[in-house]
Protein chains: 2
Amino acid sequence: MITERVRTAHVLVVEDDWPIRHLLKVSLSAHDYEVSEAENCKEAISSLAKQVPDLLLLDLGLPDGSGIDLLRRLRQEHATPVIVLSVQGAERTKIEALDLGADDYLTKPFSVDELLARVRAALRRSKSLHAPTLLTCGDLELDLERRHVTLAGHEISLTPNEFSLLMAFMRNQDRVLTHRQLLKEVWGEGYVDDSHVLRVNVCNLRRKLNSPDGKRNYIKTEPGVGYRLCLPRPA
Amino acid sequence: MITERVRTAHVLVVEDDWPIRHLLKVSLSAHDYEVSEAENCKEAISSLAKQVPDLLLLDLGLPDGSGIDLLRRLRQEHATPVIVLSVQGAERTKIEALDLGADDYLTKPFSVDELLARVRAALRRSKSLHAPTLLTCGDLELDLERRHVTLAGHEISLTPNEFSLLMAFMRNQDRVLTHRQLLKEVWGEGYVDDSHVLRVNVCNLRRKLNSPDGKRNYIKTEPGVGYRLCLPRPA
DNA sequence: TTTTTGCATCAAGGATCCTTGAAGCGGGGT
DNA sequence: ACCCCGCTTCAAGGATCCTTGATGCAAAAA
């Protein structure tokens with residue numbers, strides 16, 4: 001099941017210099033992109049209000065205001081990829097734009113081939129977004145992306161092994177996990193019989209997860225079998 | 001946008017002892033589960049051939065063969081959640097079943113409330129599967145799940161910081177990432193000006209990524225700006 | 001050419017983490 | 001009552017990793 005982009009991509013070119021703007025329009029149109037044009041910030045803003053393009057080519061040296069501000073406004077609402085055009089020497093502005101989330105840059109003069117390659121790369125990337133992976137169990141939250149764990153709101157710091165262990169638990173809430181399963185998952189095939197190292201880590205994990213007053217217990221021991229993560233019951 | 005299970009869940013009960021099987025059927029039916037029954041391995045296999053249930057309740061002490069073998073056969077094709085029933089003392093078999101991928105277990109005699117809780121938990125879990133997150137760039141592969149990186153097939157070992165750094169790169173292939181962006185992403189807000197630590201890590205990462213003969217280069221330097229990950233060109 | 005600037009690389013002190021040993025605790029069985 | 005077994009907890013040696021300083025290098029600027 002693949003979702004393919006069928007319609008042609010729409011590119012908005014924001015550039016005050018006519019020869020360059022024309023070059024961009026011709027080059028992009030020749031490769032089946034649909035092109036809109038704006039020659040200053042004002043036109044760009046009204047164009048964006050009408051329709052948000054698939055990609056923005058933005059010159060940073062506009063007559064009626066800084067392209068940086070335009071980029072900042074755009075980024076507050078849209079994740080549209082942006083490729084920045086700049087003249088040599090405007091390093092400061094260029095880097096500021098990239099830090100603001102611009103996707104790429106080209107320094108004038110640039111080759112059309114390079115421009116087209118950058119456009120393709122930016123459009124390709126913008127298609128692949130990833131679902132935010134966040135596991136929860138009670139007031140425990142585990143963020144796979146950032147490798148952060150928060151308990152009742154504030155972050156707690158885990159060692160790499162503790163994090164993997166907790167990840168295995170949270171993917172299998174309320175389920176018994178045998179010693180071998182946990183050892184295999186976190187330490188690998190070679191450790192399936194080393195139950196001591198597992199016990200030490202469960203101990204350390206509990207110390208960090210359970211409330212200071214020891215009134216909650218997320219990890220339940222299944223004697224002779226393994227462990228199980230479940231909602232803590234106020235002992 | 002939520003996908004909710006509307007139809008009733010289908011449970012297959014595999015149990016030779018009539019009183020227990022009857023108890024299970026009555027209890028589950030009373031809670032709107034659709035129940036099928038099998039009193040030995042043979043019946044279970046033919047039932048599975050007809051229709052794969054949403055959950056399997058499996059007694060391990062069957063007259064015509066080991067429930068373990070049934071479980072092993074099932075696991076070769078389906079990820080159907082399985083809750084195992086066992087008598088006290090059959091620890092060995094029970095743990096074997098769990099290691100094979102059984103989801104939970106109940107030791108006879110068990111309370112019906114506990115059974116129903118375990119059934120709910122197992123069905124809830126089976127609904128949440130996660131997309132395998134695997135990023136690639138040329139013959140570089142990064143597995144978000146297992147935190148493994150392979151280069152042309154064989155694994156290479158990265159330190160935690162190196163892994164985060166490469167992850168940032170692979171999520172933004174062909175895109176320039178400024179020093180500040182990378183430092184913020186990997187080290188956090190407080191490090192955005194410490195470009196030295198970034199350079200050292202990029203250096204170490206390159207040493208591990210590039211082929212021994214130094215003929216490939218994944219990470220391209222953008223002088224004054226930052227770095228960019230792209231397909232290596234045979235220098 | 002000389003100087004400067006930014007990047008690459010090496011090395012070491014210090015911090016963190018992992019493994020393993022040893023001791024304490026408690027329930028079940030004899 | 002005693003012992004045995006599994007689980008918990010503490011502690012330390014050793015391994016790994018991270019940061020920082022020092023040095024080398026190359027390209028651009030003066």
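Chain naming here is simple, since letters A, B, ... match the order of the sequence lines and numbering starts at 1 in each.
Checked against ring-ring contact (aromatic ring centres under 6.0 Å, His included), A:H22 has the following partners two or more places apart in sequence or in another chain: A:W18.
You'll find that the side chain of B:T221 is closest to C:dA8, out of C:dA8, D:dT19, D:dT8. Comparing D:dC17, D:dT20, C:dT19 by their nearest atom to the side chain of B:P160 picks out D:dC17. In the set C:dT19, D:dT8, C:dT9, the nucleotide with an atom closest to the side chain of A:Y191 is C:dT19.
Remark: side-chain polar atoms of A:R75 are paired, donor with acceptor, to backbone N or O of A:G101 under 3.5 angstrom. At distances below 3.5 Å, not a single donor-acceptor pair connects side-chain atoms of A:E39 with backbone N or O atoms of A:V14.
When the side-chain nitrogen and oxygen atoms of B:Y227 are compared with OP1 and OP2 of C:dA8, one or more of them lie within a distance under 4.0 Å. Put simply, A:R207 has no side-chain N or O that comes within less than 4.0 Å of OP1 or OP2 on D:dT8. Close to D:dT16, at under 4.0 Å from its OP1 or OP2, lies no side-chain N or O of B:T159. Residue A:N161 has a polar side-chain atom (N or O) positioned under 4.0 Å from OP1 or OP2 of C:dT19. Under 4.0 angstrom from either OP1 or OP2 of C:dT19 there lies at least one side-chain N or O belonging to A:W187. Contact check, A:R206 against D:dT8: a side-chain N or O comes under 4.0 Å of OP1 or OP2.
Between the CZ atom of A:R92 and the C1' atom of C:dG6 there is a distance of 16 Å, given to the nearest Å. Between the C1' atom of C:dA8 and the CD1 atom of B:I219 lies a distance of 13 Å, rounded to the nearest Å. At whole-Å resolution of the value, NZ in B:K220 and C1' in C:dA8 are 18 Å apart. Between the NE2 atom of B:H196 and the C1' atom of C:dT5 there is a distance of 16 Å, given to the nearest Å. Rounding to whole angstrom units, CG of residue A:L205 and C1' of C:dC18 are separated by 15 Å. Remark: P of D:dC18 and CG of B:L165 are 11 Å apart, rounded to the nearest angstrom. Between the CD atom of B:E222 and the C1' atom of C:dG6 there is a distance of 14 Å, rounded to whole Å. As a whole-Å value, the separation of B:K208 NZ from D:dT16 C1' is 11 Å.
Within 4.0 Å (heavy atoms only), B:N204 reaches no atom of the nucleic acid at all. Using a 4.0 Å heavy-atom criterion, one finds that B:V202 contacts no nucleic acid atom at all.
The residues B:D59 and B:K94 are annotated as not salt-bridged, no charged nitrogen and carboxylate oxygen being separated by less than 4.0 angstrom.
Both A:L158 and B:S195 lie close to DNA chain C; mapped to their nearest nucleotides by heavy-atom distance, the more 5′-ward contact belongs to B:S195.
For the side chain to side chain contact (heavy atoms under 4.5 Å, CB included) with B:I156, the qualifying choice from B:T150, B:V149, B:L166 is B:V149, the only one to do so.
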